Each structure stands twice: as structure tokens, then as C-alpha cells.
Amino acid sequence: MNFDFSDDLKQLRDQSRRFLTERCTPAVVRRSLDGEEAYAAGLWREIADMGWIGAAIPEEFGGAGLGYEGLCVLAEEMGRAVAPVPFASSAYLAAEAILTAGSDAQRREYLPKLADGSAIGCFALSEGNGNPEPGTIHARVVGGRLSGVKWPVADGGIADIAVVVACDEHRQPGLFVADLAGVRRRDLRTLDPTRNQARLDFDGLPVQALGSGGWGSVQRVLDRAAILFAFEQVGGADACLQMAREYAQERFAFGRPIGSFQAIKHKLADMYVALELARSNAYYGAWALGADATDLPLAAATARVSATEAFHLASKENIQTHGGIGFTWAVDCHLFYRRSKQLGLAIGSAPFWKDRLVDLLETRNAA
Amino acid sequence: MNFDFSDDLKQLRDQSRRFLTERCTPAVVRRSLDGEEAYAAGLWREIADMGWIGAAIPEEFGGAGLGYEGLCVLAEEMGRAVAPVPFASSAYLAAEAILTAGSDAQRREYLPKLADGSAIGCFALSEGNGNPEPGTIHARVVGGRLSGVKWPVADGGIADIAVVVACDEHRQPGLFVADLAGVRRRDLRTLDPTRNQARLDFDGLPVQALGSGGWGSVQRVLDRAAILFAFEQVGGADACLQMAREYAQERFAFGRPIGSFQAIKHKLADMYVALELARSNAYYGAWALGADATDLPLAAATARVSATEAFHLASKENIQTHGGIGFTWAVDCHLFYRRSKQLGLAIGSAPFWKDRLVDLLETRNAA
Amino acid sequence: MDFNDTSEEAVFRAEARAFLAANAELKAGARPVLRQSGVDAEAVKRCRAWQAKKDDAGFAGLTWPKRFGGREASPILQVIYNQEEDDFVVPRGLYEIGLGMCIPTMMTYATPEQLDRYVRPALRGEEVWCQLFSEPAGGSDLAALRTRAERDGDDWVINGQKIWTSGAHLSDFGIIVVRTDPNVPKHEGLTFFFLDMKSPGIEIRPIHQMSGARHFNEVFFTDVRVPDSQRLGAVGQGWKVSLTTLMNERLAVGDVQRPEVDDLVELSRKVRINGKPAIRNGAVREKIAEWHARSQGLKFTRFRTMTALSKGETPGPENSIHKLVNASKLQDIASYGLDLMGAGGLVVDDDLAEAYAMFQAALLSSPSSRIAGGSDEILRNIIAERVLGLPSDIRADKGKPFNQVPTGRR
Amino acid sequence: MDFNDTSEEAVFRAEARAFLAANAELKAGARPVLRQSGVDAEAVKRCRAWQAKKDDAGFAGLTWPKRFGGREASPILQVIYNQEEDDFVVPRGLYEIGLGMCIPTMMTYATPEQLDRYVRPALRGEEVWCQLFSEPAGGSDLAALRTRAERDGDDWVINGQKIWTSGAHLSDFGIIVVRTDPNVPKHEGLTFFFLDMKSPGIEIRPIHQMSGARHFNEVFFTDVRVPDSQRLGAVGQGWKVSLTTLMNERLAVGDVQRPEVDDLVELSRKVRINGKPAIRNGAVREKIAEWHARSQGLKFTRFRTMTALSKGETPGPENSIHKLVNASKLQDIASYGLDLMGAGGLVVDDDLAEAYAMFQAALLSSPSSRIAGGSDEILRNIIAERVLGLPSDIRADKGKPFNQVPTGRR
């Protein structure tokens, strides 16, 4: 038993953290925030060249073959840097869906492009409000052609390839893959402008089915992605705690650092506790992902629930610790607060994962 | 509009507080805690003589005719004093049930005895675990005779008269009244030994129906009682806050009063906030009770939810503020902690009233 | 205890209702007014016209002295008016600080001549006032302000910077507290003035908030001259005067911010969980119940305060409870509402967002509610010390000359 | 990262399992052991027999040096043993303080001869140890202790009172920290000893807790003589020695206290809401999910600590997280479980109460969990200051001679 990342992966973590600190500065994030670019294309190119996007894609499909733990390490750093790139959409969702549900031919067709960043992937699931449930899927594929409306689709405005959740001719929801060339898209205004979100209107787009796994294959993609999202959320929460900690040490009120007041101390202690619990649950998820463990779904739901709570708490209480300047546009606190909600609502929000967690717990206890 | 008690009622409050401070000391409460007496019979006699039990019973039925606001004022003081007497069972439940649902003859038969304390009333609702719902009632009256098992029944071991919730011959639950002479009873061990709780085994006891209001008449009793319970809970919460406040001023650590630390200050501020919200909701309930307002049920649920939360918080954080001695038998903190749970579980616990609150909110908004 | 109107109250309520019905649009069905962005020139015009109308009808200064156009009415009538006004869409946000904080401070400290000059135009909405207290280095430690004023003949000369000044760019006058002696402990070296916001040397820059709003400003002072006749209270007594202002702040009725519990109820009927309306889900119901109990508790707490006021009692620090409870509740309701929407909750586009995007707007504006006008932490301190009488924290700056108190890097 | 056993670990796990299966009853189906009441003579016998058995089989001091009968095994093996033992009903509670805190402190400070004398009997369970730190006036301010020791020839003479001493009445030896110089600041005037609990002048009185339990004692010292040779560390260095003990306390694995989340799951299947099992209710599910996530988070946090330990790292103050999270969780689960039972939840009679009345027992015992061994508030301070590096609070007693520090009326 060994419950820590290997030295190689710790080195990857340190390297990626250094790289992102240097290249993914707040100024870069703010270019997307202010609408100057839909995503940090230059940064994306560099990330692709380092093999990060394909970290968990086997080498035979053009990936780096670092395994899932490597991807988890990178996800945490993406969260820490509030990176304005389609990493989650391409790597955790589109590539994973094709890898887990696609045929060998589909893998060969799509994964190399996703891995080297020459194509951006997205995962078109939502059709407006509501969490991921089979009954919410009205998009439909008839005769190999997809019709329906998907929104919001993360990175839908910049993606080349979409994995789409739609119903087949028997009204059973499942996974499909398509090139997005020519699809009508509209960028959406959202809480977190540092990540592209779009509405996609499909009107007879030719698509291929990704396997025949039905809703099970959709849920499998969501479960696996939940662990990677959890790492990204842990990274964001950690960054917030560090920001709050530094500010509390340097800002004085009543002649003393505000971090010497118990109100601030205990707030930060609570952020720390939530973060550590989330981190530990994410670690177990990383192992389950790498080992394809039978309790991966429960591990994923647990990691997701903890991580969403930790990032939400850390991002809002980081603002509170900063006081007045914390809610200005100029200070970076709100970048994390926005990202926290974006990550928390993607692939199902907290109530959805809590309900699923108990479903899985009931199944396990019944076994 | 006037949202405060009248000067007369404030005087009643001050008098009853002084009386209970003197006669219902912790030593008196501890006689019941330690099992030396099932309830404080001497105190009960005095309370009866002052007309408190019948405060809201009209004079024509032997009451004091002080109105419901008077009973609310007294309820708060009973909570503050953790009084070990069957006040809630007799005054808020049995007498109220008979008054609201009974015939004139039944009122004349039972209310004077309850009002002058010569008979103790109880309300036999629960049949084991679960909250008050029609489906939980299995006790049954056939041919005017009651069979079934009720537990726990607050003050069931010391009561002379019971109002019983049971199904009629058509399996519709409703209210019945009976003399308890000869009924098989067993005192129960509970979380709060300062209030008698018993199991009653009915095996053909002759009973009279109290009206024909069905479950509606049961719920009406619960709604009205919820407001009175809320006052008792507010009184208990207030006492806890005062205890914590005094201790925090007098106890030193690290060379200063513990009340000068923000951890303690903010804890007490949170207790205060919960208490004030509960008190204000209880006040509205008092008005609704006196005016028999149409939104009494919603006012009752709201007051009950707030008051249960406030007393639970105040009683547990009072222990925490006291530190080590707070969890000893010798210090009085646990009297309130026990009573808080007793009051919180009686007549339906927090989840029950929250659910009912939303039912009523939905009905109101639909109107 | 009586929730029904007395006959006098009923007459007044009918009068207020009639005035509102004749002059404003009912809220029901209207798009909610979110206090998102700054007040623009159009909005100023609307506010001004509405305030004049209110004044004409005698509803502007209900509880104020008759000599200033008030009615000297019981605070209960103010509650009744507010209850009625709450059903209508009325333009707001321009006069609250002036009428709620600045003018009441003037009434306590200004000369009769000054009151004759300034009170009526303020009440009529012809002149706008702002309040210049906070500074970048101060934050929760309000009295640690550094903007200084030095005596020069009959004038004082002000240099320094204020921050978080609502409506500075729209204001004609302001009240300000400044340091006139840095060599004594912080509370003792302050003095209070009112000044003309068009004075030379004042520069105003709006602050861009994370919500996108620009309510607040930074105000820079460079050799701004204020006549000594505009001093309020004695030299060195500025803190005492500030406390008058702040006490009035606590009494000011904050708008109920949307989304409220009823908005969540409505949302819960529309969005679905496991194929059923969310309001059928136990977790959703529990949260609705808890927030409803809190909202009602605050509402009736305010009624208790108003009853006390109408008996001549002075409202105290216990009024800190309102902002403390409301701000977090707003943030929590906003966040939870978005959770119920799922991924769709991210979207703020007008044609797609649920409920006019009010949940999203509140997510971004509520962090400022938990800080501006006294942070959650300061409000808990106030309750603990001033309501419950707990001993104050150990003060590192106690008795120290202001210029010798340690300061940090930020 | 690997959750599977290595082959060495698998062999060890099988060995541990075989030992336990041969010597203890499986928990599944057995009545849960609630640590309600004090350990009686029967229980002492069972504890002693079990400890000897464990020692015979080499499972008592897994990570301890071989010279004391240990295996010098990796902390991971300890985790594995604990995992396996957790499935069985084993008698516990008598040796945890001695083996977890007292003997490790002895190992750092006692002479080799003393270790030869005391370690083996402790490990075998033949001698019981207790820890005498807390005092009535101290509370969270542990170092503010007043029990004094004065030098008299080769002995020290101890007078004063300790409190919250678990198992004092069953103990053969104890470790104690006392004040040897009240004229210097509080941390500087302390000295540390071990002593014979049967020494003349020691009086032990059990403390009756609100839960009914009598785990803890008050211990009174009247002219109790302790030889200087039983001093651990230098005179005046008692605080430093105490910190060694307390660091070991943080590492001690607290029993998982029942009810745990799975108990709530089981309860939720039995009790009904609106005619359906409570576990179908969204509010119940949400709470189960949140508590499950917290329980698992703690479990895996401990695995991370054990991994660090097995790499030779020293466990630090971050281990305060366990008790902080667990104690409130226990109280909340207990309270919520009772809410689900409704009025029936009041009853603790054996034949009527649900789930062996463990929810009721936890309601009454959890308040002490949130206080004993470091209150919630102190644990948050430790995390803030020692893990996150935030500056310490202003210390009113800093640098003051102990006998000049202000004290209150309680």
C-alpha cells in the first residue's frame, strides 16, 4: 500500500506548476475574462507540445502514456492556474469518451488529433437546465444524422470534434461523435468568461455512434471525468487558501495582522480541513482510475462531492478574507470564485453527485 | 400594529420568572433527573393554584382566561427553568385538544380538572419511531373501546386523562379522550429523565370521540401546540445563552476572559442570532394563536423550525463554551441539552415541520 | 400584540396605496430590479422625479420634523409605507445614504441656518449626498483612517484618499471624517466636516466590482479647502460624530435582495430532479424551510424594532443581525439555485437564463454584501461586545499614538 | 499510488487475520461496543488477557524496537493490523494512553535501566499508565497549571490537583507535569516526572459525566514524594517534554465512534418518512452523502499520513484534523438520527430503542469528544498557527511571571 504519488509524478507536478506560474499568469487569464480571446491559444499550443493533453492516452493512439495519475497531477495544476484552455473538455471528456466507448478505428481517427492539440474536443451533454439524467436528453440521431440543441457546451464555440449525448432511433440515450465543421454555434455569456461556453444547434449533422453502451457509457464518462474535475477543484481550492493565507499575514487591522484574529484563523482552518478531505478523496479516485477499480463510481462521487464543497468554500471565503478589495474586478479572487462555480456545475452539480453517491452506497451495502 | 407583549403580560413574565427562579431551582429539576420523583408535584400544585395551567382556558371552563399570549409567556418561562412538570402535556396538548375538538359537555367534564391541576393530561400520539403521520397510527377504537400501544407518551406515567390519537371503525385516525385509571403503563428510560415518558398498553379501554375532525383535528392540535413549544424552546435557548455569556465573562484562559476571544464571541453571536429569529417567529405565532389567524399553520411551522434550531444550537454550544466542566453531571448544561432534544422530538421533529412548512408555503403561493 | 392596522393606520395605508397605484407600476409580473450596475443619467432623472413626487404627497420624510416637510409620524407608518411601496417598482438607490445617514447627522450637529439651506433640497431629491469614511488602509478598522486635514486660516486643507464611496460621482455634497492629529490615539485625532463635492482638488474614480457594477468610487483629495464653518462637532470629536452616522446606517432598511425564498420556490417548481419538480425533493424542501424561517424571523425582528421605536426607544447594535443573516443567505440561495439548474445555471444570456439571471447576478454581488458596511466578522463582534456585553479583544493599538501603530504591507 | 497489498503486506494481513479469527469474535451481527461506562474489574481482566495474547503473537508493539518485543515494522503494517482488528470485537481502552503517549515519552527521556524496567510490563498489559496534565484552572490553557513540586533532598514533593485523568483509578504509573517555579513565565517553570500511582498522598475521585460515564478522574496530591531520578528532562523543561507526549496523542488512532454513516444508512432504511423508507428522502440522502465524503476523506487522510510515516517523515499538527472533524460529525449524526426517529428517539430502554440506543448514547457522549484532548477551538488554532503559519494571537500572559497572570472567578 502506498498512498502518495511517485517521485516521477511529483516532478511532473513541480514542473507543470512552474510552467503554469510563468505562462498562465493572471494577465493571460484576464484576456479571456475580458473577451479578448476565447481561450489562451498560445498556452494551449505549448501544453499540447508537452504532451499534457494526451497524458492518459496510450502511446499507440498518439498519447504520452503517462497514465491517469499523471493526468490527475496536471488537472490539479490547471485548477491552481485557472487555466483558460479547453483541457477538461478535450482530455477528461472527449478523449476519455472515445477511449472508453469508441471502436479501435474511432480511437485511431480521433485520439491522435486530440492528443497533439490539433483538434479541440468538447462534450455536448446539457440541454439547458437540469442535471445529467436520461430523461433530459431530447437530441436525437436518426439515420446517422443528429438533430437537437445543446447548451451550454463547454468549449463548444472553439471545438473541432464533439462527443454528443443523444437518443438513438429507439429513444435510448448514448454517445455519438462528430466533426463540428459547419454546425451553427453561438457563444454564450456565462458566470465564468474564462472558459468558452456555446449553444450548438444540430440540424442533421452526420455522426457515428460511440459503442452501444447506452446511458451506462455516458455515466462511465461522467464518473471518470468527476475524478479529474475533483483534482482541478482541489488545485483551485489550494490556490485560494494560499492567497487568503498570504493576505492574512500581510494585511494589518487594529495594529496587528488580520491572520492573528481567530475569526480569520478559524475560517482558514476550515478551508484547510475541507481541502485536505477533498484531496484525500481525490487521491483515492486517482488510484481507482488508474486501477479501473470496481468501486470507481463511488470513489468518483465521493471525490466530486468533497472537491466541489472545498473549492466553493475556499473561493468564497478567500474573497471574504480579502475584505473590500476582494470583490473588485482588479483583484484575482473572483477568477477562482467564477471557476469554482463553473467546475461545480459542469458534469452535474453537487445535488446530483450526492444523490448518486447514496445510490452507489445502497448498492454496495446491499451486496 | 403592535409587535410586543402588553405591559400586563410583561408583568406576568417577570412574576413567573421570579417565581420559577425561586421554586424551580436546579436542585428541584435534579430530583426528577435522579429519579427521586416522576415530576415536581409540589411545584405543580403551586403552578395550578396560580392559574397557569388554565391560562388559555376560558373562565367558563374553569380557566384563567388570560388568552393565548399569556400561555405563551408562561411557556417561555417553563423552558427557561427546565421545569419538571407536565405543563406541556396538560396545557398545550390535552386541554387544547379538548377545547378545540371536544363537545361542550366534554369541555365541561375535563377542562376544569385540567385547569386546576387536580387531573394531569397527556397526549398519546406516537407508536414508536417515526413522525406524526396518519399512516403511523395503528391504535384502534371499535365499539367505543380502544386497543393499541402508545410510546413514548410524555407524562403518560403520571397522567389521569389522555387524549389519544387512534383510528375509528373506518380506519380513519382522529382524537379520543379517556380516563387512564386501570391502564397498563410502564415508565420509560429516556434522554431527558426530567420529564416522565411512558408506554401505555390499551386493551379495550372505554373512550369518547373528540369531535369527528379526523386527521385535520389532530394536525390542528399539533399546529397550535407547536407555537407553545416554540416559546418553551426560546426560553431554554435564552437561558443557555445567558449561562454561556456569564461563564465566558468570568472564566480566564491565557490571562484573559475567554469571552474576549473571537472564537467564543462569534459562537455566542451566532446563538444570539438564532435565538432572536426564533423569538420573532414565536411572537408572530403568538399573535396568530390569539387571533386564530388563517396562516396559523404556516406561522406555527415557521416558529417551530426556528425554535428547534435555536435551542439545539444554544444547548450544545453552551456546553462547548464551558469546556470540560460543561459535560459533567454536576454542572447544569446537560439539563438544557437533554430538554432541547426532548422538546425537539415531541410533536414531530425538525424534518417533519420543515416538510410541513413547505407544504403550507406551496398551498399559500398557489392561492 | 396586534398585527392588524389601527383605524389610523388603515387610513394611512389606503392613502399610501392610492398614491403608489397612481404613480408607479406594480411589481407583480414585472422584471425584478437588480441593483447590478451604476445609476446612469436616465436613472438619476427617474429617481429625482420620484422623490419630488413623494415629497409633494408627503411620503418622503414621514418621521421627520414638520419644519423640514416631514409628518412627525410614528415609525410604524414608515413600516406601512415601506410594505406598500414594496409591491411597486420605484426608482431607488440615489438618496438612501443622504437621507438615511448624512442629513440625520447634520440634524444633530449643523447650525439652524445650515439645516434651512440643506435639508429641504435633500429631501426633495434636488441635491444628492454621499458619505466619505472608508479608506484603503482602514477596512474593518474604520478609525485607522489616514486622510489628513490641516488648519489654514478659516479653512481646513484636506489631502488623502477615501474609498467605497457610493454615488460620489452623482453627489453634490458629502460628509467626511479626517485625521487632524496623528500624534494621539486613533479615535482621538479625528474631525468631521461636510463639503461640496464639486470643490477643486477632488478627483473621483469608479471602482469596477467583480459583479460588473460600479456603485462605489475612490475619491482622491489634493489640497481641498473646506471652511471651518462646515465642521460638524468639535475638533478631535470626529469619531463620536461618525458613530451617530453609523447608528443611522444600521437602521436603514436594506432592500430585500432577490432572489428571495419565494424565487427559489418558483425555480424549484420549474427545474426537475429525477424527472420530478425539484420542489418534491426532500433536500430542496429542507433548504426552503430553513431559509423561509430565517427570512420571516428577520421580518418580524424588524417589526419588533419598529414597535420599540414607536415607543420612543433607541434602536441599538442588535440591528446588526439583518445584514449578517441576509448577506450569507443571499449567497447561499444564489449558489443553491444554480446547483438546481445544473450546467444551465452558468448561462446569463437574457433569452436562456432562468428567472432573469437573478441567481447568477446574486452569486456575483453577494460577496460584497458580506463585506460592505461591516463584514460578517465585524458584525459578530458588534453583537458579542455591544449586545451581549462580552469583553473586547486585546487591542494592539490601544492608547498608542496613531502614527506609531504597526501597519502591514497591504 | 497503490491500494493493493504488496506480497509482504498480504502475508502480514493473512497472519493478522488468522490471529484475530482464532482469538476474537467478528463484529458483524454483534452488539456494538459503546464506550459508555467506566472499565470495570471484569473488563480489566479481559483487556489484560487480550493484550498478553497480542504480545505473545507479536502484534502488540508492531512498530516498536525489537529490544522491547516490537517488530520494528513499517507503520503501514500497523494500518493493516488496525483494518483487520476493526472487524472484530476486542477489549480496548485500558492501554491506549500508556502505550500511545506515556511509554513513547519515556523512550525519549528515561534512562536505559528505567526502560528495561517499565516498557515490557506496559506492552504486555501487566502495568497500566495514565497521564496527569490537565487542571481545573487550565482547560484549553494547558500550561497554566498550578500543581506545584518543591525540591526536598533527593525527592520532589507534589501538592495540587489534576483533572480529566482517564483511567487513573486503574493505573500503576503516571506521567505528570508540574510547576516548579511560579516566578517565571508559565512555560518556563514546569518540570516533568513519572510516578507510582500507589504513592501515599494520592487521592482519586471519578468524575460523573453527563453521559453517565465515569472515564475520567480528579486526582488530588497531598505531599506526594517523587524521587528526582524519576524526572524526565531537565528542571524547567517540562513543557518541552509535554509536547512530545501531545504529539504522540495526535497520532493515536481514535476508535471510529458509532454511529457511523453506515449506521445512519441502516436506520434510514428502517424508519419511514411520508410512508416511505427515510433513505428515499432527498434531505436524508444529502446528509448521508456529505458525512460519507467526510468519513472517507478522513480515512484516506490517515492513509496519507501512514505513507509519510513509512517514508520516515514525522507526523505534525495536521493530524488535528481527525478529532476536529469526527467529534462534530458524531454529534450531528447522532442528533439527526434521533430526528428521523421522532418522539421514539427519546427512548433508551433496551427493548424499545433502535440500534442498541447508540444514537442516544452518542448524543450524550459527543459533547465531551468536542472538548477533551483539545477543544474544536484549540484544534482550529493549531491548524491555523502550526500548519498554515498564521501569526499567533496577542498573548495577555506573554513574558509575565506565572503568578502575576490575571485569573478569573471560575
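No experiment lies behind these values; they were computed from the predicted model shown. Proteins get letters first, then strands, A, B, ... in listed order; numbering begins at 1 in each.
- Both the backbone and the side chain of A:Gln320 come within contact range of chain C, each with at least one heavy atom under 4.5 Å from a heavy atom of that chain.
- Summarising the geometry of A:Gly326 relative to C:Met210, their closest heavy-atom pair is O-SD, 4.4 Å, with the distance given to 0.1 Å.
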If you apply the rule side-chain contact (heavy atoms from CB on, under 4.5 Å), what do you find for A:Lys341 with C:Leu364, and how did you get there?
CA-CA 11 Å; A:Lys341 207 65 199 171; C:Leu364 296 179; over 6 Å; no

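- Residues C:Asp339 and A:Asn131 fail the side-chain proximity criterion, which asks for heavy atoms closer than 4.5 Å.
- For C:Val271, the part lying near chain A is the side chain, with the backbone staying farther off; criterion is any non-hydrogen pair under 4.5 Å.
- The contact between A:Thr328 and chain C is made by backbone and side chain atoms together, counting heavy-atom distances below 4.5 Å.
- Interface remark: C:Ser134 contributes no atoms to any contact with chain A (heavy atom separation under 4.5 Å).
- A pairwise comparison of heavy atoms in A:Pro152 and C:Ala343 identifies CG-O, 3.3 Å as the closest pair.
- Residues of residues 277-286 of chain C never come within less than 4.5 angstrom of chain A, heavy atom to heavy atom.
- Across every non-hydrogen atom of A:Trp329 and C:Gln209, the tightest pair is CE3-O, 3.4 Å.
- Contact of C:Leu363 with chain A is made through backbone and side chain together, with heavy-atom distances under 4.5 Å.
- Salt bridge annotation for A:Arg251-C:Asp141: absent, with no cationic side-chain nitrogen under 4.0 angstrom from a carboxylate oxygen.
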Given the rule in the side-chain contact (heavy atoms from CB on, under 4.5 Å) test, do A:Gln197 and C:Val347 qualify, once you have shown the distances and angles that lead to the verdict?
CA-CA 8 Å; A:Gln197 302 278 350; C:Val347 179; 5.8 Å; no

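- Between A:Phe352 atom CZ and C:Asn274 atom CG the span is 9.0 Å, to the nearest 0.5 Å.
- Put simply, OG1 on A:Thr190 and CD on C:Gln360 are 9.5 Å apart, with the number rounded to the nearest 0.5 Å.
- Below 30°, between 30° and 60°, or above 60°: for C:Phe216 and A:Phe327 the angle between ring planes is between 30° and 60°, a tilted geometry.
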Evaluation steps, side-chain contact (heavy atoms from CB on, under 4.5 Å), between A:Thr321 and C:Glu377
CA-CA 10 Å; A:Thr321 303; C:Glu377 291 74 22; over 6 Å; no

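- Among all heavy-atom pairs drawn from C:Gly345 and A:Leu191, the shortest one is O-CD1, 4.0 Å.
- Partners of C:Phe133 under the side-chain contact (heavy atoms from CB on, under 4.5 Å) rule, at least two apart in sequence or in another chain, are C:Gln131, C:Leu142, C:Ile175, C:Val177, C:Phe192, C:Ser242, C:Thr245, C:Leu246.
- Across C:Asn381, C:Asp349, C:Val405, C:Asp393, the residue that shares the most heavy-atom pairs under 4.5 angstrom with chain A is C:Asp349.
- In this structure, chain C has no heavy atom under 4.5 Å from any part of A:Pro257.
- For chain C, no part of A:Arg195 is nearby; none of its heavy atoms comes within less than 4.5 Å.
- Heavy-atom minimum distance, C:Ser335 versus A:His312: OG-CE1, 3.3 Å.
- Residue pairs that meet the ring-ring contact (aromatic ring centres under 6.0 Å, His included) test with at least one member in residues 250-271 of chain A, sequence neighbours left out, do not exist here.
- Qualifying side-chain hydrogen bond (donor to acceptor under 3.5 Å, both in side chains) partners for A:Arg184, counting only residues two or more places apart in sequence or in other chains: none.
- Taking both residues in full, the closest heavy atoms of A:Gly255 and C:Ala396 are given as O-CB, 3.7 Å, listed atom of the first, atom of the second, then distance.
- C:Asp350 and A:Arg189 are not joined by a salt bridge, as no carboxylate oxygen comes within less than 4.0 angstrom of a charged side-chain nitrogen.
- At a 4.5 Å heavy-atom cutoff, the contact between C:Asp376 and chain A is made by backbone and side-chain atoms alike.
- Interface residue C:Ile207: only side-chain heavy atoms are found under 4.5 Å from chain A.
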Run the side-chain contact (heavy atoms from CB on, under 4.5 Å) test on C:Leu338 and A:Leu345 for me, step by step, so that the C-alpha distance in whole Å, both residues' side-chain angles and the decisive distance to 0.1 Å come before the verdict.
CA-CA 8 Å; C:Leu338 297 177; A:Leu345 295 182; 4.2 Å; yes

